[in-house]
Protein chains: 2
Amino acid sequence: MTQAANGRTRIMDSAAKILWQKGFAGAKLSDIAKGAGMLAPSIYYHFPSKDHLVEEVMMEGIYHNNRHIMARVEGLGAGASPIVRLRAAIVAHVDFLLTGDDYSSAVARVFDDLPDEMRKRVLAAYSSFDNYWRDLIVAAQADGSATLALDATVVRKFLIAMLDSCSSWFRPGKLGPAQIAEQAADLLLYGFATKRP
Amino acid sequence: MTQAANGRTRIMDSAAKILWQKGFAGAKLSDIAKGAGMLAPSIYYHFPSKDHLVEEVMMEGIYHNNRHIMARVEGLGAGASPIVRLRAAIVAHVDFLLTGDDYSSAVARVFDDLPDEMRKRVLAAYSSFDNYWRDLIVAAQADGSATLALDATVVRKFLIAMLDSCSSWFRPGKLGPAQIAEQAADLLLYGFATKRP
DNA sequence: GTCTATAATCAGATAGAC
DNA sequence: GTCTATCTGATTATAGAC
């Protein structure tokens with residue numbers, strides 16, 4: 001892979017960026033092509049349709065995000081406690097979204113708008129990701145370091161929605177990606193209130 | 001207003017439901033009209049364009065949700081503590097989304113996909129809502145019942161994203177709207193971990 | 001107020017030159 | 001591999017009857 005990426009890669013990169021910025025319907029092939037330095041019909045030399053292109057971007061986003069999070073968590077070593085592992089996953093996810101991975105930001109933005117059949121396939125790929133989060137959550141409950149009063153599925157849904165949102169509202173300012181990631185972890189693990197009821 | 005609502009109201013109700021289910025681009029006028037018991041061109045007797053219709057649905061959703069939350073919080077009386085007020089707002093918001101208000105669910109789903117100019121106007125209407133949440137959050141920090149270690153703006157963004165998500169994944173099951181609402185409040189206020197670091 | 005046409009627009013997709 | 005030119009289909013919007 002040379003510095004000037006090949007056409008196919010340039011198209012994928014451009015598509016990820018524009019899907020993230022404009023959503024599924026708003027991402028026009030002409031804009032995607034422009035971002036890749038070509039015109040719309042040229043895309044069809046590399047991809048059979050817009051849907052196929054989008055689906056590849058989704059799969060790439062899920063795959064890379066998944067690998068990134070797992071690498072950071074498993075990098076903690078065998079001795080890490082469930083809460084430490086969960087915290088690392090939260091921080092890694094936010095950091096990945098905010099440090100310029102257009103692919104995973106695109107997934108978070110357009111997933112709900114995908115055509116039905118595609119969404120089913122993407123959801124299937126997403127399930128390994130979902131399962132990984134579920135395991136982190138359940139492990140923390142199992143060893144008593146997380147509360148059983150909260151439903152594991154509800155926690156997972158809320159957690160992922162909360163984390164995924166940050167790529168839509170984050171703007172570089174006084175708080176950087178690393179700080180936002182820490183705040184997310186603190187909020188989810190210890191809450192906003194200073195003392196328990 | 002009779003039991004069989006007038007045409008304009010039927011169109012708005014149908015539009016809210018379909019916007020929530022299918023998103024902005026996916027909400028076709030023909031589907032909206034069908035839900036209102038008429039055909040697409042009839043919509044133009046009541047609204048000058050699809051965009052105008054959508055904008056009215058957004059404004060209605062924001063207005064009603066806002067009123068509902070404020071009514072529940074202010075109904076607590078003058079003696080309620082900031083944390084109790086914040087908790088009531090969280091519970092009210094989730095409960096409102098999950099107990100069949102298509103308008104506020106539609107706002108949560110399509111806001112990011114609105115045409116630029118419209119989104120600016122809707123955002124302006126949304127600001128009173130945003131300010132109300134900000135005040136609840138800051139008040140809790142000011143009296144020491146919430147941590148100053150978390151940035152008030154970050155908390156508000158995460159909190160609203162988390163709560164808004166539930167209308168997209170909630171399905172009636174073992175946990176009803178009221179239970180989900182309580183879990184949201186517990187998670188946000190006290191966190192998932194059993195003890196602080 | 002709602003309908004049956006039908007126009008206008010726009011984005012995805014194809015054909016074929018280079 | 002990318003282009004110019006064109007086709008197709010879907011959807012918003014309009015005209016005018018009832």
| field | Closest listed nucleotide, where the reference is the side chain of H46(A) and the choices are dT12(D), dA11(C), dT2(D) | value | dT2(D)
| said: Between P on dG1(D) and CG on N6(A), what's the gap in Å once rounded to a whole number? | reply: 8 Å
| Between S168(B) and D112(A), do the side chains contain an N or O donor and an N or O acceptor separated by less than 3.5 Å? | no
| request: Just call it for A27(B): base, sugar-phosphate, or nothing, with non-hydrogen atoms closer than 4.0 Å on any strand. | output: sugar-phosphate
| remark: To the nearest angstrom, the CG-P distance between L29(A) and dA10(D) comes to 17 Å
| query | When the distance from OH of Y45(B) to C1' of dT4(C) is rounded to whole Å, what number comes out? | reply | 18 Å
| Short side-chain to backbone donor-acceptor contact, S14(A) and I32(A), under 3.5 Å | yes
| With respect to the phosphate group of dC3(C), does any side-chain polar atom (N or O) of S42(B) fall under 4.0 Å of OP1 or OP2? | yes
| task | Give the nucleotide from the list dT4(C), dC3(D), dG12(C) with an atom nearest to the side chain of M38(A). | result | dC3(D)
| query | At under 4.0 Å, does any side-chain N or O of R10(A) touch on OP1 or OP2 of dG1(D)? | reply | no
| Can you check the I32(A) CD1 to dA11(C) C1' distance for me, whole Å? | 12 Å
| request: Could you tell me the separation between the CD1 atom of I43(A) and the C1' atom of dA13(C), rounded to a whole number of Å? | output: 11 Å
| query | Using a cut-off of less than 4.0 Å, is there contact between a side-chain N or O of R8(B) and OP1 or OP2 of dT2(C)? | reply | no
| field | Donor-acceptor pair between Y103(B) and D13(B) side chains, under 3.5 angstrom | value | yes
| message | In whole Å, I'd like the distance from the CZ atom of F47(B) to the C1' atom of dT14(D). | response | 18 Å
| task | Specify the separation, in whole Å, of atom NZ of K50(B) and atom P of dA8(C). | result | 21 Å
| request: Flag the pair R87(B) and E182(B) as a salt bridge only when some basic side-chain nitrogen lies within less than 4.0 angstrom of an acidic carboxylate oxygen. | output: yes
| message | Expressed as a whole number of angstroms, how long is the span from L39(B):CG to dT14(D):C1'? | response | 16 Å
| note | Looking only at dT12(D), dA5(C), dT2(C), the nucleotide nearest the P41(B) side chain is dA5(C)
| Pairwise side-chain contact, H68(B) with D101(B), heavy-atom cut-off 4.5 Å (strictly under) | no
| task | Please check the phosphate of dA13(D) (OP1 and OP2 only) for any side-chain N or O of Y44(B) closer than 4.0 Å. | result | yes
